[in-house]
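None of the values given here were measured: they were computed from a predicted structure. Just so it is clear, the values below take in all heavy atoms, side chains as well, and ignore hydrogens, waters and symmetry mates.
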Amino acid sequence: MSKNALFIKHTAKPGKRDELRQVWEKYVRGYVAGSDGQPAYFYCYDDNDADAILVFQIHADADSAGEFMKQPWYADYERESAALIAGTSEFRAATPQWVKGTTA
């Protein structure tokens, strides 16, 4: 299995989680929906932290993860989301060893 996975935790400033999601929807949602490079993508609200967003992504290969950051809108997305994020987001790269479903 050669796919790559990425786990991300963003913590919004208090009460700003929905606004942060709106920025994600403005810039990222459409790109991910049409991207063959990301066959699975989960954008989730943390049930135990009212300000946290958890993202899980499967990338078709290492190059597809980098393509996201090369998009012409990426700098605007970073700038707008940075104004709503508290602290540094956590990123964890992983190599799936077994996947159930169509992303295998």
Side-chain angles (χ1 to χ4, degrees):
M1 177 174 291
S2 62
K3 296 181 183 349
N4 298 302
L6 183 62
F7 297 85
I8 306 167
K9 180 181 180 184
H10 300 296
T11 302
K13 292 179 180 175
K16 300 292 184 182
R17 182 167 73 173
D18 288 338
E19 288 180 50
L20 186 55
R21 179 181 175 183
Q22 290 171 357
V23 172
W24 176 84
E25 288 178 347
K26 177 180 175 181
Y27 292 104
V28 182
R29 184 178 178 167
Y31 172 78
V32 170
S35 174
D36 291 334
Q38 294 176 315
Y41 191 107
F42 299 83
Y43 186 96
C44 310
Y45 280 0
D46 187 324
D47 291 341
N48 297 309
D49 182 341
D51 296 316
I53 295 168
L54 304 172
V55 179
F56 171 66
Q57 307 169 20
I58 297 263
H59 295 275
D61 53 45
D63 292 337
S64 62
E67 287 301 313
F68 175 81
M69 295 183 296
K70 294 177 183 175
Q71 299 308 304
W73 45 259
Y74 186 75
D76 293 330
Y77 165 70
E78 284 272 287
R79 180 182 41 76
E80 288 183 38
S81 61
L84 300 169
I85 292 178
T88 303
S89 295
E90 297 176 37
F91 292 82
R92 304 274 182 186
T95 302
Q97 301 301 300
W98 183 83
V99 177
K100 176 184 176 181
T102 60
T103 60

Classify the angle between the aromatic ring planes of Y77 and Y74 as parallel (below 30°), tilted (30 to 60°) or perpendicular (above 60°). tilted
Shortest non-hydrogen contact between N48 and D46, atoms and distance: N-OD1, 2.7 Å
Determine the minimum heavy-atom distance between P39 and A60, stating which atoms define it. CD-N, 3.8 Å
According to side-chain hydrogen bond (donor to acceptor under 3.5 Å, both in side chains), does anything in residues 81-93 pair up with another residue at least two apart or in another chain? List the pairs. H10-S89
Side-chain donor or acceptor of R17 paired with backbone N/O of D49 under 3.5 Å: yes
Would a hydrophobic clustering, with Ile, Leu, Val, Met, Phe, Trp and Tyr connected at side-chain separations under 4.5 Å, put F56 with Y43? no
Short question: side chain of R29, backbone of W24 - any donor-acceptor pair under 3.5 Å? no
How long is the gap from NZ on K70 to CD on E67, to the nearest 0.5 Å? 4.5 Å
Once rounded to the nearest 0.5 Å, what's the spacing between atom OH of Y41 and atom CD1 of I58? 13.0 Å
Which pair of non-hydrogen atoms, one from G37 and one from S64, has the smallest distance, and what is that distance? O-OG, 3.0 Å
How close do T95 and K3 get, heavy atom to heavy atom, and via which atoms? CG2-O, 4.2 Å
Would you say Y31 and Q38 make side-chain contact, with heavy atoms under 4.5 Å? yes
Are W73 and L20 linked, directly or through other ILVMFWY residues, by side chains that come within less than 4.5 angstrom of each other? yes
Go through the steps to decide whether E80 and Y27 satisfy the test side-chain hydrogen bond (donor to acceptor under 3.5 Å, both in side chains), and finish with yes or no. CA-CA 10 Å; E80 288 183 38; Y27 292 104; 2.4 Å; yes
Give, for atom NZ of K16 and atom CG of D51, the distance between the pair rounded to the nearest 0.5 Å. 11.0 Å
Kindly give the heavy-atom pair with the smallest separation between W98 and K100, and that separation in Å. CH2-CB, 3.5 Å
Distance, nearest 0.5 Å, that separates CG of L54 from OH of Y45: 11.5 Å
Rounded to the nearest 0.5 Å, how far apart are CZ of F7 and CD of Q57? 10.5 Å
R79 vs D76, salt bridge (charged side-chain N to carboxylate O under 4.0 Å, His left out): CA-CA, chis, key distance, verdict: CA-CA 5 Å; R79 180 182 41 76; D76 293 330; 3.1 Å; yes
Value for CD1 (I53) from NZ (K9), rounded to nearest 0.5 Å, stands at 11.5 Å
